[in-house]
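In what follows, a structure is listed as C-alpha coordinates, so that the remarks can point back to it.
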Number of protein chains: 2
Amino acid sequence: MKKRLTDAALDLMWENSYGTTSVDAICERAGAKKGSFYYFFKSKSELTVAALEAEWNKNKANMDALFSPTVPPLERFDRYFDYVHDRLAELQEECGSILGCPLLSIGSEVSTQDQGVRATVDRIWDRKIKYFESAIRDAHAQGLIVAPDPEAKARALFACYHGTLAQARIQNDVELIRDFKEVARDVLGVKQTDAVSS
Amino acid sequence: MKKRLTDAALDLMWENSYGTTSVDAICERAGAKKGSFYYFFKSKSELTVAALEAEWNKNKANMDALFSPTVPPLERFDRYFDYVHDRLAELQEECGSILGCPLLSIGSEVSTQDQGVRATVDRIWDRKIKYFESAIRDAHAQGLIVAPDPEAKARALFACYHGTLAQARIQNDVELIRDFKEVARDVLGVKQTDAVSS
DNA sequence: AAAATACTTGACTGATTAGTCTACATGGGC
DNA sequence: GCCCATGTAGACTAATCAGTCAAGTATTTT
(Lines give C-alpha, C1' and ligand atoms only; values in the text may rest on other atoms or scores of the structure.)
Protein backbone atom coordinates (compact mmCIF):
# COMPACT_ATOMS: atom_id res chain seq x y z
CA MET A 1 0.00 0.00 0.00
CA LYS A 2 2.88 2.30 0.74
CA LYS A 3 4.12 1.67 -2.78
CA ARG A 4 0.66 2.23 -4.23
CA LEU A 5 0.54 5.59 -2.50
CA THR A 6 3.95 6.77 -3.68
CA ASP A 7 3.22 5.55 -7.20
CA ALA A 8 -0.11 7.33 -7.29
CA ALA A 9 1.43 10.50 -5.90
CA LEU A 10 4.20 10.61 -8.44
CA ASP A 11 1.85 9.91 -11.32
CA LEU A 12 -0.50 12.69 -10.34
CA MET A 13 2.20 15.20 -9.54
CA TRP A 14 4.04 14.46 -12.73
CA GLU A 15 0.97 14.81 -14.90
CA ASN A 16 -0.42 17.81 -13.08
CA SER A 17 1.57 19.49 -10.31
CA TYR A 18 2.44 19.21 -6.66
CA GLY A 19 -0.04 21.90 -5.69
CA THR A 20 -3.04 20.52 -7.53
CA THR A 21 -2.46 16.98 -6.35
CA SER A 22 -4.54 16.57 -3.24
CA VAL A 23 -4.13 13.93 -0.60
CA ASP A 24 -7.70 12.84 -1.34
CA ALA A 25 -6.86 12.35 -5.01
CA ILE A 26 -3.75 10.36 -4.18
CA CYS A 27 -5.76 8.11 -1.87
CA GLU A 28 -8.46 7.61 -4.44
CA ARG A 29 -6.01 6.59 -7.16
CA ALA A 30 -4.14 4.31 -4.78
CA GLY A 31 -7.39 2.78 -3.52
CA ALA A 32 -6.48 3.81 0.01
CA LYS A 33 -8.28 5.70 2.71
CA LYS A 34 -7.13 8.81 4.51
CA GLY A 35 -6.29 6.86 7.63
CA SER A 36 -3.88 4.61 5.76
CA PHE A 37 -2.21 7.58 4.16
CA TYR A 38 -1.46 9.21 7.46
CA TYR A 39 -0.50 5.90 8.97
CA PHE A 40 2.43 5.69 6.53
CA PHE A 41 3.26 9.34 6.00
CA LYS A 42 2.94 12.20 8.34
CA SER A 43 2.36 14.79 5.64
CA LYS A 44 1.96 15.32 1.94
CA SER A 45 5.48 16.73 1.88
CA GLU A 46 6.93 13.62 3.46
CA LEU A 47 5.07 11.40 1.01
CA THR A 48 6.53 13.39 -1.84
CA VAL A 49 10.03 12.81 -0.55
CA ALA A 50 9.30 9.09 -0.37
CA ALA A 51 7.73 9.11 -3.83
CA LEU A 52 10.76 10.77 -5.39
CA GLU A 53 13.15 8.37 -3.70
CA ALA A 54 11.02 5.43 -4.79
CA GLU A 55 11.04 6.67 -8.36
CA TRP A 56 14.81 6.95 -8.20
CA ASN A 57 15.14 3.39 -6.96
CA LYS A 58 12.86 2.20 -9.72
CA ASN A 59 15.01 3.87 -12.37
CA LYS A 60 18.44 3.24 -10.98
CA ALA A 61 19.07 -0.17 -12.55
CA ASN A 62 17.99 1.19 -15.89
CA MET A 63 20.30 4.18 -15.56
CA ASP A 64 23.14 1.87 -14.62
CA ALA A 65 22.55 -0.10 -17.79
CA LEU A 66 22.26 2.93 -20.05
CA PHE A 67 25.42 4.43 -18.62
CA SER A 68 27.33 1.19 -18.36
CA PRO A 69 31.09 1.69 -18.74
CA THR A 70 30.95 -1.02 -21.39
CA VAL A 71 29.17 1.41 -23.69
CA PRO A 72 31.28 3.99 -25.54
CA PRO A 73 30.89 7.20 -23.53
CA LEU A 74 29.22 9.42 -26.09
CA GLU A 75 26.89 6.62 -27.03
CA ARG A 76 25.65 6.51 -23.45
CA PHE A 77 24.18 9.94 -23.89
CA ASP A 78 22.53 9.03 -27.17
CA ARG A 79 20.97 5.97 -25.60
CA TYR A 80 19.79 7.91 -22.58
CA PHE A 81 18.25 10.71 -24.60
CA ASP A 82 16.59 8.17 -26.87
CA TYR A 83 15.23 6.31 -23.89
CA VAL A 84 13.74 9.41 -22.28
CA HIS A 85 12.31 10.51 -25.60
CA ASP A 86 10.62 7.17 -26.13
CA ARG A 87 9.30 7.03 -22.60
CA LEU A 88 7.83 10.52 -22.77
CA ALA A 89 6.31 9.82 -26.17
CA GLU A 90 4.72 6.71 -24.71
CA LEU A 91 3.32 8.65 -21.76
CA GLN A 92 2.02 11.25 -24.17
CA GLU A 93 -0.10 8.55 -25.81
CA GLU A 94 -1.66 7.81 -22.46
CA CYS A 95 -2.27 11.24 -21.10
CA GLY A 96 -2.04 13.58 -24.07
CA SER A 97 0.84 15.64 -22.79
CA ILE A 98 4.61 15.64 -22.79
CA LEU A 99 5.33 15.56 -19.08
CA GLY A 100 8.98 16.55 -18.87
CA CYS A 101 10.97 15.65 -15.80
CA PRO A 102 9.16 15.44 -12.45
CA LEU A 103 12.31 16.47 -10.61
CA LEU A 104 12.37 19.78 -12.39
CA SER A 105 8.61 20.38 -12.33
CA ILE A 106 8.18 19.53 -8.68
CA GLY A 107 11.50 21.02 -7.66
CA SER A 108 10.85 24.32 -9.35
CA GLU A 109 7.36 24.48 -7.90
CA VAL A 110 8.21 23.85 -4.27
CA SER A 111 11.82 24.96 -3.99
CA THR A 112 11.10 28.18 -2.14
CA GLN A 113 8.51 26.65 0.15
CA ASP A 114 9.38 23.11 1.12
CA GLN A 115 12.97 22.49 2.09
CA GLY A 116 12.46 18.77 2.58
CA VAL A 117 11.27 18.18 -0.96
CA ARG A 118 13.75 20.70 -2.34
CA ALA A 119 16.66 18.89 -0.70
CA THR A 120 15.42 15.55 -2.00
CA VAL A 121 15.21 16.82 -5.55
CA ASP A 122 18.67 18.27 -5.14
CA ARG A 123 20.08 15.00 -3.87
CA ILE A 124 18.60 12.87 -6.66
CA TRP A 125 19.61 15.49 -9.21
CA ASP A 126 23.21 15.12 -8.04
CA ARG A 127 23.08 11.35 -8.31
CA LYS A 128 21.91 11.57 -11.88
CA ILE A 129 24.57 14.09 -12.76
CA LYS A 130 27.15 11.53 -11.70
CA TYR A 131 26.24 9.40 -14.72
CA PHE A 132 26.87 12.35 -16.98
CA GLU A 133 30.07 13.23 -15.20
CA SER A 134 31.54 9.80 -15.52
CA ALA A 135 30.63 9.51 -19.19
CA ILE A 136 32.19 12.91 -19.82
CA ARG A 137 35.36 11.93 -18.01
CA ASP A 138 35.61 8.77 -20.10
CA ALA A 139 35.01 10.70 -23.29
CA HIS A 140 37.68 13.17 -22.32
CA ALA A 141 40.15 10.39 -21.54
CA GLN A 142 39.50 8.91 -24.95
CA GLY A 143 40.11 12.24 -26.63
CA LEU A 144 36.57 12.45 -27.96
CA ILE A 145 35.92 15.77 -26.25
CA VAL A 146 37.88 18.35 -24.31
CA ALA A 147 36.44 18.60 -20.81
CA PRO A 148 39.02 19.45 -18.19
CA ASP A 149 36.23 19.95 -15.61
CA PRO A 150 33.84 17.00 -16.07
CA GLU A 151 31.71 17.92 -13.09
CA ALA A 152 30.97 21.41 -14.37
CA LYS A 153 30.37 20.10 -17.87
CA ALA A 154 27.99 17.49 -16.53
CA ARG A 155 26.01 20.06 -14.57
CA ALA A 156 25.80 22.30 -17.60
CA LEU A 157 24.62 19.52 -19.88
CA PHE A 158 22.13 18.31 -17.31
CA ALA A 159 20.70 21.80 -16.93
CA CYS A 160 20.43 22.20 -20.70
CA TYR A 161 18.69 18.88 -20.99
CA HIS A 162 16.18 19.72 -18.32
CA GLY A 163 15.50 23.07 -19.91
CA THR A 164 14.67 21.23 -23.08
CA LEU A 165 12.39 18.82 -21.24
CA ALA A 166 10.62 21.75 -19.59
CA GLN A 167 10.19 23.49 -22.90
CA ALA A 168 8.83 20.28 -24.39
CA ARG A 169 6.30 20.10 -21.56
CA ILE A 170 5.20 23.70 -21.94
CA GLN A 171 4.90 23.46 -25.71
CA ASN A 172 3.73 19.86 -25.60
CA ASP A 173 6.18 19.04 -28.35
CA VAL A 174 8.25 15.88 -28.26
CA GLU A 175 10.40 16.92 -31.20
CA LEU A 176 12.40 19.28 -29.03
CA ILE A 177 13.69 16.28 -27.16
CA ARG A 178 14.65 14.46 -30.31
CA ASP A 179 16.63 17.45 -31.48
CA PHE A 180 18.52 17.61 -28.23
CA LYS A 181 21.09 15.03 -29.22
CA GLU A 182 22.74 17.53 -31.52
CA VAL A 183 22.62 20.26 -28.90
CA ALA A 184 24.26 17.89 -26.46
CA ARG A 185 27.09 17.38 -28.90
CA ASP A 186 27.64 21.14 -29.02
CA VAL A 187 27.57 21.47 -25.25
CA LEU A 188 29.96 18.58 -24.90
CA GLY A 189 32.20 20.00 -27.57
CA VAL A 190 32.33 16.80 -29.54
CA LYS A 191 35.05 16.96 -32.13
CA GLN A 192 33.76 16.80 -35.66
CA THR A 193 34.30 13.63 -37.63
CA ASP A 194 34.05 13.42 -41.40
CA ALA A 195 30.85 11.41 -40.97
CA VAL A 196 29.13 14.70 -40.14
CA SER A 197 29.63 16.25 -43.56
CA SER A 198 26.87 15.92 -46.09
CA MET B 1 -5.45 49.04 -9.30
CA LYS B 2 -5.40 46.65 -12.22
CA LYS B 3 -1.66 47.13 -12.38
CA ARG B 4 -1.29 46.68 -8.64
CA LEU B 5 -3.11 43.36 -8.92
CA THR B 6 -1.04 42.03 -11.80
CA ASP B 7 2.18 43.17 -10.12
CA ALA B 8 1.22 41.51 -6.84
CA ALA B 9 0.21 38.33 -8.63
CA LEU B 10 3.45 38.04 -10.55
CA ASP B 11 5.56 38.75 -7.48
CA LEU B 12 3.82 36.10 -5.44
CA MET B 13 3.74 33.51 -8.20
CA TRP B 14 7.36 34.09 -9.04
CA GLU B 15 8.52 33.79 -5.47
CA ASN B 16 6.25 30.89 -4.57
CA SER B 17 4.14 29.23 -7.23
CA TYR B 18 0.92 29.57 -9.14
CA GLY B 19 -0.85 27.01 -6.99
CA THR B 20 0.09 28.44 -3.63
CA THR B 21 -0.74 31.99 -4.63
CA SER B 22 -4.31 32.56 -3.55
CA VAL B 23 -6.61 35.26 -4.78
CA ASP B 24 -6.89 36.46 -1.19
CA ALA B 25 -3.12 36.82 -0.93
CA ILE B 26 -2.94 38.71 -4.21
CA CYS B 27 -5.64 41.09 -3.03
CA GLU B 28 -3.95 41.65 0.28
CA ARG B 29 -0.60 42.49 -1.27
CA ALA B 30 -2.24 44.75 -3.82
CA GLY B 31 -4.35 46.44 -1.16
CA ALA B 32 -7.48 45.47 -3.02
CA LYS B 33 -10.66 43.71 -2.03
CA LYS B 34 -12.09 40.59 -3.54
CA GLY B 35 -14.79 42.51 -5.34
CA SER B 36 -12.26 44.68 -7.14
CA PHE B 37 -10.32 41.63 -8.20
CA TYR B 38 -13.33 40.06 -9.84
CA TYR B 39 -14.38 43.37 -11.30
CA PHE B 40 -11.18 43.42 -13.38
CA PHE B 41 -10.57 39.73 -13.92
CA LYS B 42 -13.01 36.95 -14.23
CA SER B 43 -10.70 34.32 -12.78
CA LYS B 44 -7.29 33.73 -11.32
CA SER B 45 -6.30 32.18 -14.63
CA GLU B 46 -7.24 35.30 -16.54
CA LEU B 47 -5.37 37.51 -14.10
CA THR B 48 -2.29 35.37 -14.64
CA VAL B 49 -2.49 35.86 -18.37
CA ALA B 50 -2.73 39.62 -17.81
CA ALA B 51 0.13 39.56 -15.31
CA LEU B 52 2.43 37.74 -17.71
CA GLU B 53 1.59 40.09 -20.56
CA ALA B 54 2.13 43.10 -18.28
CA GLU B 55 5.50 41.75 -17.25
CA TRP B 56 6.44 41.32 -20.87
CA ASN B 57 5.47 44.89 -21.65
CA LYS B 58 7.50 46.12 -18.71
CA ASN B 59 10.58 44.27 -19.94
CA LYS B 60 10.27 44.81 -23.64
CA ALA B 61 12.09 48.15 -23.89
CA ASN B 62 14.92 46.73 -21.85
CA MET B 63 15.16 43.67 -24.07
CA ASP B 64 15.17 45.89 -27.13
CA ALA B 65 18.11 47.81 -25.70
CA LEU B 66 20.06 44.72 -24.68
CA PHE B 67 19.55 43.15 -28.08
CA SER B 68 19.98 46.33 -30.08
CA PRO B 69 21.42 45.67 -33.54
CA THR B 70 24.02 48.32 -32.71
CA VAL B 71 25.59 45.88 -30.26
CA PRO B 72 27.89 43.17 -31.68
CA PRO B 73 25.74 40.04 -31.82
CA LEU B 74 27.61 37.81 -29.39
CA GLU B 75 27.96 40.66 -26.95
CA ARG B 76 24.17 40.91 -26.83
CA PHE B 77 24.05 37.53 -25.18
CA ASP B 78 26.73 38.42 -22.69
CA ARG B 79 24.89 41.57 -21.74
CA TYR B 80 21.59 39.78 -21.43
CA PHE B 81 22.97 36.97 -19.29
CA ASP B 82 24.75 39.51 -17.10
CA TYR B 83 21.58 41.50 -16.72
CA VAL B 84 19.50 38.50 -15.69
CA HIS B 85 22.21 37.36 -13.31
CA ASP B 86 22.35 40.75 -11.64
CA ARG B 87 18.59 41.04 -11.41
CA LEU B 88 18.20 37.60 -9.84
CA ALA B 89 21.05 38.27 -7.42
CA GLU B 90 19.29 41.47 -6.43
CA LEU B 91 16.00 39.66 -5.89
CA GLN B 92 17.83 37.06 -3.86
CA GLU B 93 18.88 39.78 -1.43
CA GLU B 94 15.26 40.68 -0.95
CA CYS B 95 13.66 37.31 -0.67
CA GLY B 96 16.47 34.89 0.04
CA SER B 97 16.00 32.75 -3.03
CA ILE B 98 17.09 32.61 -6.61
CA LEU B 99 13.76 32.77 -8.39
CA GLY B 100 14.59 31.65 -11.92
CA CYS B 101 12.25 32.57 -14.75
CA PRO B 102 8.54 32.93 -14.00
CA LEU B 103 7.65 31.85 -17.51
CA LEU B 104 9.23 28.48 -16.95
CA SER B 105 8.06 28.01 -13.38
CA ILE B 106 4.49 28.99 -14.05
CA GLY B 107 4.42 27.40 -17.47
CA SER B 108 5.72 24.10 -16.26
CA GLU B 109 3.31 24.10 -13.35
CA VAL B 110 0.10 24.81 -15.23
CA SER B 111 0.85 23.56 -18.74
CA THR B 112 -1.27 20.42 -18.49
CA GLN B 113 -4.13 22.11 -16.71
CA ASP B 114 -4.68 25.64 -17.94
CA GLN B 115 -4.54 26.15 -21.67
CA GLY B 116 -5.01 29.91 -21.42
CA VAL B 117 -1.95 30.44 -19.27
CA ARG B 118 -0.01 27.80 -21.18
CA ALA B 119 -0.66 29.54 -24.49
CA THR B 120 0.35 32.89 -23.02
CA VAL B 121 3.64 31.52 -21.75
CA ASP B 122 4.20 29.96 -25.14
CA ARG B 123 3.52 33.22 -26.95
CA ILE B 124 5.84 35.32 -24.78
CA TRP B 125 8.47 32.60 -24.93
CA ASP B 126 8.39 32.85 -28.73
CA ARG B 127 8.77 36.62 -28.63
CA LYS B 128 11.84 36.34 -26.45
CA ILE B 129 13.36 33.70 -28.70
CA LYS B 130 13.16 36.19 -31.54
CA TYR B 131 15.87 38.27 -29.86
CA PHE B 132 18.11 35.23 -29.73
CA GLU B 133 17.29 34.28 -33.27
CA SER B 134 18.17 37.63 -34.69
CA ALA B 135 21.43 37.85 -32.75
CA ILE B 136 22.35 34.38 -33.97
CA ARG B 137 21.57 35.29 -37.55
CA ASP B 138 23.75 38.38 -37.29
CA ALA B 139 26.58 36.39 -35.73
CA HIS B 140 26.31 33.84 -38.50
CA ALA B 141 26.39 36.57 -41.16
CA GLN B 142 29.52 37.97 -39.59
CA GLY B 143 31.16 34.56 -39.60
CA LEU B 144 31.40 34.44 -35.81
CA ILE B 145 29.46 31.21 -35.61
CA VAL B 146 28.06 28.62 -37.96
CA ALA B 147 24.31 28.52 -37.59
CA PRO B 148 22.51 27.63 -40.79
CA ASP B 149 19.21 27.32 -38.86
CA PRO B 150 19.10 30.34 -36.53
CA GLU B 151 15.58 29.59 -35.33
CA ALA B 152 16.46 26.10 -34.14
CA LYS B 153 19.69 27.32 -32.58
CA ALA B 154 17.82 30.07 -30.78
CA ARG B 155 15.27 27.62 -29.38
CA ALA B 156 18.01 25.31 -28.21
CA LEU B 157 19.96 28.06 -26.51
CA PHE B 158 16.83 29.44 -24.91
CA ALA B 159 15.92 26.02 -23.55
CA CYS B 160 19.42 25.51 -22.18
CA TYR B 161 19.33 28.89 -20.53
CA HIS B 162 16.01 28.22 -18.89
CA GLY B 163 17.21 24.87 -17.67
CA THR B 164 20.08 26.65 -16.00
CA LEU B 165 17.74 29.18 -14.43
CA ALA B 166 15.55 26.37 -13.14
CA GLN B 167 18.52 24.55 -11.69
CA ALA B 168 19.67 27.79 -10.06
CA ARG B 169 16.24 28.12 -8.49
CA ILE B 170 16.15 24.57 -7.22
CA GLN B 171 19.67 24.72 -5.84
CA ASN B 172 19.37 28.37 -4.84
CA ASP B 173 22.73 29.02 -6.43
CA VAL B 174 23.35 32.09 -8.53
CA GLU B 175 26.77 30.91 -9.69
CA LEU B 176 25.19 28.51 -12.16
CA ILE B 177 23.88 31.52 -14.02
CA ARG B 178 27.24 33.24 -14.09
CA ASP B 179 28.81 30.12 -15.56
CA PHE B 180 26.24 29.98 -18.31
CA LYS B 181 28.03 32.44 -20.56
CA GLU B 182 30.59 29.80 -21.40
CA VAL B 183 27.98 27.15 -21.96
CA ALA B 184 26.20 29.51 -24.31
CA ARG B 185 29.39 29.85 -26.33
CA ASP B 186 29.50 26.07 -26.71
CA VAL B 187 25.87 25.86 -27.73
CA LEU B 188 26.33 28.67 -30.21
CA GLY B 189 29.48 27.08 -31.54
CA VAL B 190 31.52 30.23 -31.17
CA LYS B 191 34.75 29.90 -33.05
CA GLN B 192 37.79 30.01 -30.81
CA THR B 193 39.92 33.14 -30.88
CA ASP B 194 43.51 33.27 -29.64
CA ALA B 195 42.33 35.40 -26.72
CA VAL B 196 40.91 32.23 -25.22
CA SER B 197 44.23 30.44 -24.83
CA SER B 198 46.01 30.63 -21.50
C1' DA C 1 -27.73 68.74 -11.15
C1' DA C 2 -29.07 64.47 -12.94
C1' DA C 3 -27.72 60.35 -14.86
C1' DA C 4 -24.70 57.04 -16.13
C1' DT C 5 -20.45 54.77 -15.78
C1' DA C 6 -16.57 53.08 -13.25
C1' DC C 7 -15.00 51.17 -9.42
C1' DT C 8 -15.02 49.50 -4.24
C1' DT C 9 -16.68 47.10 -0.33
C1' DG C 10 -17.08 43.05 2.53
C1' DA C 11 -20.17 39.60 3.79
C1' DC C 12 -21.42 35.34 1.88
C1' DT C 13 -21.45 30.48 -0.35
C1' DG C 14 -20.26 25.91 -1.12
C1' DA C 15 -16.51 23.18 -2.28
C1' DT C 16 -12.09 21.53 -1.11
C1' DT C 17 -8.04 21.42 1.62
C1' DA C 18 -4.56 18.94 4.96
C1' DG C 19 -4.67 16.61 8.77
C1' DT C 20 -6.92 14.11 13.26
C1' DC C 21 -9.20 10.70 15.82
C1' DT C 22 -11.52 6.69 17.41
C1' DA C 23 -13.18 2.40 16.27
C1' DC C 24 -12.32 -1.64 13.89
C1' DA C 25 -10.10 -5.55 11.25
C1' DT C 26 -6.46 -8.92 10.42
C1' DG C 27 -3.10 -12.28 11.42
C1' DG C 28 0.70 -14.30 13.91
C1' DG C 29 2.87 -15.79 18.34
C1' DC C 30 1.94 -17.85 22.86
C1' DG D 1 -8.47 -18.25 23.48
C1' DC D 2 -5.87 -14.01 23.96
C1' DC D 3 -2.55 -10.52 23.08
C1' DC D 4 -0.32 -7.33 20.32
C1' DA D 5 1.43 -5.33 16.23
C1' DT D 6 0.22 -3.81 11.85
C1' DG D 7 -2.72 -1.83 9.33
C1' DT D 8 -7.73 0.02 7.65
C1' DA D 9 -12.04 2.66 7.83
C1' DG D 10 -14.33 6.81 7.46
C1' DA D 11 -16.45 10.51 9.96
C1' DC D 12 -14.84 14.79 11.60
C1' DT D 13 -12.55 19.59 12.10
C1' DA D 14 -11.02 24.00 11.11
C1' DA D 15 -8.94 26.53 7.66
C1' DT D 16 -8.73 28.03 3.16
C1' DC D 17 -10.11 28.13 -1.52
C1' DA D 18 -12.21 30.53 -5.87
C1' DG D 19 -15.86 32.94 -6.90
C1' DT D 20 -20.66 35.74 -6.14
C1' DC D 21 -23.45 39.48 -5.11
C1' DA D 22 -26.01 43.45 -3.65
C1' DA D 23 -25.19 47.75 -1.95
C1' DG D 24 -22.25 51.42 -1.77
C1' DT D 25 -19.09 55.47 -3.44
C1' DA D 26 -16.45 58.19 -6.99
C1' DT D 27 -15.96 60.08 -11.25
C1' DT D 28 -17.28 61.49 -15.54
C1' DT D 29 -20.78 62.68 -19.01
C1' DT D 30 -24.62 65.14 -20.42
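By convention in this document, chain letters (A, B, ...) are assigned in the order of the sequence lines, proteins followed by strands, and residues within each chain are numbered from 1.
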Could you state the [atom1]-[atom2] distance from [X] to [N], rounded to the nearest angstrom?
X	N	atom1	atom2	value
A/F41	D/dT8	CZ	P	11 Å
B/L5	C/dT8	CG	C1'	12 Å
A/E28	D/dA9	CD	P	14 Å

Pairing of [X] and [Y] as salt bridge, 4.0 angstrom limit:
X	Y	result
B/K153	B/D149	no
A/D78	A/R185	yes
B/R87	B/E90	no

Table of protein N/O atoms under 3.5 Å from nucleotides 16-22 of chain C N/O atoms:
residue	atom	partner	partner atom	Å
C/dA18	OP1	A/V23	N	3.4
C/dA18	OP1	A/K44	NZ	3.4
C/dA18	OP2	A/V23	N	3.0
C/dG19	OP2	A/Y38	OH	3.3
C/dG19	OP2	A/K44	N	3.1
C/dG19	N7	A/K34	NZ	3.2
C/dG19	O6	A/K34	NZ	2.7

Test item: side-chain donor near acceptor, B/R137 and B/S134, under 3.5 Å: no
Hey, is the side chain of A/Y39 poking within less than 4.0 Å of OP1 or OP2 on D/dT8, counting only N and O atoms? no
Using a cut-off of strictly less than 4.0 Å, decide whether B/K33 has a side-chain nitrogen or oxygen near OP1 or OP2 of C/dT8. no
Hits for side chain to side chain contact (heavy atoms under 4.5 Å, CB included) against A/I170, two or more places apart or cross-chain, chain-then-number order -> B/V121, B/W125
Sorted by number, the residues of residues 7-15 of chain A with heavy-atom contact under 4.0 Å to DNA chain C: none
Flag, side chain of B/K44 to backbone of B/Y18, donor-acceptor distance under 3.5 Å: yes
Taking the six-membered ring where the residue is Trp, are the ring centres of A/H85 and A/F81 under 6.0 Å apart? no
Assess whether atom CZ of B/R127 is packed by more than 12 heavy atoms of other residues, nucleotides or ligands within 6.0 Å. yes
